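The structure appears below as structure tokens.
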Amino acid sequence: MYSEKVMDHFEHPRNVGEIENASGVGTVGNAKCGDIMRIYLDIDENQIIRDVKFKTFGCGAAVATSSMATELVKGKSVQQAMQVTNRAVMEALDGLPPVKVHCSLLAEEAIHAALWDYAEKNGIQIEGLKRPKTDIHEGEEE
Amino acid sequence: MYSEKVMDHFEHPRNVGEIENASGVGTVGNAKCGDIMRIYLDIDENQIIRDVKFKTFGCGAAVATSSMATELVKGKSVQQAMQVTNRAVMEALDGLPPVKVHCSLLAEEAIHAALWDYAEKNGIQIEGLKRPKTDIHEGEEE
Amino acid sequence: MEEKKCIYLDNAATTKTAPEAVEAMLPYFSTWYGNPSSIYSLAAESKKAVTKARETLAGILGAEANEIYFTAGGSEADNWAIKATAEAYADKGKHIITSKIEHHAVLHTCDYLAKRGYEITYVDVDEDGIIKFEDLKRAIRPDTILISVMTANNEIGSLQPIREIGKLAKEHGILFHTDAVQAFGHIPIEVNECHIDMLSASGHKFNGPKGIGFLYIRKGVKIRSFLHGGAQERSRRAGTENVPGIVGMGCAAELAERTMQERAEKERELSGYLIERMEKEIPYCRLNGDRNKRLPNNVNFSFQFVEGESLLIMLDRKGICASSGSACTSGSLDPSHVLLAIGLPHEIAHGSLRLTVSHENTIEEMDETVDAIKEIVKRLRDMSPLYEDFIKKEGKEDVQ
Amino acid sequence: MEEKKCIYLDNAATTKTAPEAVEAMLPYFSTWYGNPSSIYSLAAESKKAVTKARETLAGILGAEANEIYFTAGGSEADNWAIKATAEAYADKGKHIITSKIEHHAVLHTCDYLAKRGYEITYVDVDEDGIIKFEDLKRAIRPDTILISVMTANNEIGSLQPIREIGKLAKEHGILFHTDAVQAFGHIPIEVNECHIDMLSASGHKFNGPKGIGFLYIRKGVKIRSFLHGGAQERSRRAGTENVPGIVGMGCAAELAERTMQERAEKERELSGYLIERMEKEIPYCRLNGDRNKRLPNNVNFSFQFVEGESLLIMLDRKGICASSGSACTSGSLDPSHVLLAIGLPHEIAHGSLRLTVSHENTIEEMDETVDAIKEIVKRLRDMSPLYEDFIKKEGKEDVQ
Ligand SMILES: Cc1ncc(COP(=O)(O)O)c(C=O)c1O
Ligand SMILES: Cc1ncc(COP(=O)(O)O)c(C=O)c1O
């Protein structure tokens, strides 16, 4: 069902954990749908992501996309992190089953939510960043 | 599907053939339904069935019931022959599959038809004998 | 019962499951028995096997794998195709066209719909059992939603002009379903060339196991589920997959495809030999079905003055397995609707015999069969009042 | 794929076909392959085998052989029972009662009917997953034609009061159908004692093959055909009989019946041990389903703060095959309708695990399984934001 990359990131997730006094924290998803992701960012004064951690409640794909997303933004600038799309996460994982594509969207949203928190706390604006939905599944119901 | 008795009478039918100048001949059934039986009777002056022959176009059960019916009436008086019911034929054959019960009725009718012919030719009446239907399936259609 | 020698000539009723197919099935009973819907690795094996079979079947038809839906056999495929189409397209119309010589799985399904407000046109066939194409054309109406005509008839083997029918249906924007239960695995079929929208097949008719078949449904055809429940078969046909059955059918299909040409040649040789000897040596008999446009393995004769069941039983006593019309209708008193449709009178239809050979038969078996039939037909005629009348009336000599 | 050691704990999804059943099937593929509808001796063997299986199944239920109708599985049996009854009794009424925890084969069939003018009442269950009998009683109306309540639930194993339901239905002159797919072969069922009019079962749930099942229909029940065509199954279910499947299911049923008591005892021992250790050793977990009125082989737990699929995949990596809700619903994003019906909040329902043992499992395997679950649950909680919040909010210590 899952690619080897997904299985690897699921079984050995990178960057699991919390960051105390993080520069930004974002939580997206909801338990009703079975996926919640939280991302902690530690960003230095040059807007470089020094460290990143995540916690995820969800399926294998949710864990793997969180793990991959953190890898993709770690050490990058805030602007570079903004370029990490769900597509990039999926590609880095060698693809996801169609029913699991929403997990990669969630990972993108989680990064954005954490960046938003960082921007708000520091009173800055990040180009292209929109206020995150508190629940990314909002407005998606039929 | 068939009892051993039926198979025996089907494979080795007794009394197959014709009787020239028979005392009575009866033909029943129709080709449309796939069964035709013809019975020839040779009846002596004491109303004893001296000989009997049959020809049948039909399934295994039709052949076997014809054969058994001829055996049951052979050597009997006309009155005794009147007692040979389809039930008696079936019992003598150790039964028939439900879809084949009509064959035993046909055999009874064939005997009756031959007796009727005999009675007509000789201007006598046989107790309990009714004019045979020319086609026993007449009036049976839904 | 002891395994005794028998000459099996009823391959249209069912075939021997190929030992290769049985072999292929075996691991999926007690080793890789996982439910393909489960997510653990054990189940991945059965899922993979199902996918492989689906691809094999699709490949043979020139279709996509996701256009193949597994069913419990040909009857379910026919019921599904017709009932679900009728329902899905009811707002377009309620008229369905089929032929008079379809299998009961199609005819009785159409009868069922006829009682529920649908109108069915049963198109005639000619004396060779081939649909009257002009009649079919004329039957088309603006509210016609489906044409269902079989690829090959199960009793007399006649091949229907499905390519022309498919073209016609397409031109009129009407769906085309074909019951290819007798044809799949025996003659080449290409769903795109023939514009087939739905096609039914059944494993046990081409040396696969019984109880498994499939319905091909062209992408884009709006069709409802027939069995509701789990999400199997892309939510269109519920029920835990019959993994061993699917694997067995896939293996048999692959085998059938690979050996089709040589099998057909062998079958044509055998059936041709049967036809030739019977026509030459048995008087008052008639070959039913088209002499050329027929399944390679099919031989169907009517013998005047003789009833079919008697013939069958006597053949069985000689170890020869044959059939008189469709296997499904045995037990019924009516003669086959197919033989009546090609214009045989009832009594002749009652005296019909179907022999369907396989490539495993031999010429020696054919000789044995013809000799047996000759002897039995003579014996039955000798006790037939119809034959007696015929000889007397015609003043003919007994030519038997 | 190599055959590797695995602890199979998903016997509610499907079971290993018993080697005895496979053995029994084998001759019917390539030796006695005749079509049971044919009249020659070769076919008599397959007919006999089908009859024997029918008698075995009937005997187990206390039914008559001619009340057993073979189908392609549990889903077809459920679809047939409900759709055909709905049609046959439509003039009496169009109201059907079922429960909220039926299998999708029943629920989706009811949904289908609901869209076609039938009214369906879905009766609630209590927190143990047992139907609220008083609610069921109150749901009965003059136009109620059918009550369909399963014998045992496939996810949480809860046994329904079918004896009482049967009595109630009979008193009101309403037909009673029960989906016994999970129960048949596992617990005793007697159709007369329980006033069951129709009962569905599926071979692969009791160590028979996949792709074969049956519907028991009490004599006198007016029911229509579902698959139209040939005259098989007393003209009620068309299609060439799946002879090997029928034989395999018959053999498995006989085996299941004969060993039922000892198997159930062994299963109860194993499942009881699992439940005991898990409840004792894993915090924030909950046993779903009734503690006593449950299938002997069923264990269903919810683990707070943990998502089911992750748990399953990690168990699979350790060679343990389990399930999270019904096998059929995996792939879906919604948590199981059964777990929601017993009142679990969504996030808890998402964290459920079903372990269904067989008598072939061992206590050592149970230990290995609990150890694995403990470790995995801890790992998943450590990366769960829900658990993080819970610990922080409650000011609790991590008790894992
Ligand atoms: C309670 C119940 N009913 C019906 C079914 C459907 O049976 P099958 O998959 O054999 O069609 C299942 C199993 O999937 C089941 O557990
Ligand atoms: C032309 C045709 N259609 C449909 C069927 C039904 O197939 P099955 O018996 O496998 O359901 C048969 C065979 O019986 C057939 O010959």
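Residue numbers start from 1 in every chain, and the chains themselves are labelled A, B, ... in the order their sequence lines are given, proteins ahead of strands. Values in this document were obtained by computation on a predicted structure and should not be read as measured data.
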4.5 Å side-chain heavy-atom contact, [X] and [Y]:
X	Y	result
C:N35	D:D10	no
C:L26	D:L26	yes
C:L42	D:Y8	yes
D:S30	C:V22	yes

Rounded distance (nearest 0.5 Å) linking atom [atom1] of [X] with atom [atom2] of [Y]:
X	Y	atom1	atom2	value
D:D316	C:S38	CG	OG	10.0 Å
D:S75	C:L227	OG	CG	7.0 Å
C:N242	D:N242	CG	CG	6.5 Å
C:I39	D:S323	CD1	OG	8.5 Å

Nearest heavy-atom neighbours spanning [X] and [Y]:
X	Y	value
C:K210	D:G34	CE-O, 4.0 Å
C:A322	D:Y40	O-CE2, 3.1 Å
C:Y33	D:T14	O-CG2, 3.1 Å

### Task
Tell me the residues of residues 79-88 of chain D whose non-hydrogen atoms fall below 4.5 Å from those of chain C, in number order.
D:N79, D:K83, D:E87
### Task
Among the options C:I313, C:V106, C:T15, pick out the one with the most heavy-atom pairs lying under 4.5 Å from chain D.
C:T15
Does any heavy atom of chain D fall under 4.5 Å from the side chain of [X], the backbone, both, or neither of them?
X	value
C:F226	both
C:A43	neither
C:L107	neither

### Message
Students often mix this up, so state it plainly: with edges at 30° and 60°, are the rings of D:F29 and C:F29 parallel, tilted or perpendicular?
### Response
tilted
### Query
Parallel, tilted or perpendicular: which describes the rings of D:Y112 and C:H228, with under 30° parallel and over 60° perpendicular?
tilted
### Message
So does D:G229 get a backbone contact from the side chain of C:H108, meaning a donor-acceptor N/O pair under 3.5 Å?
### Response
yes
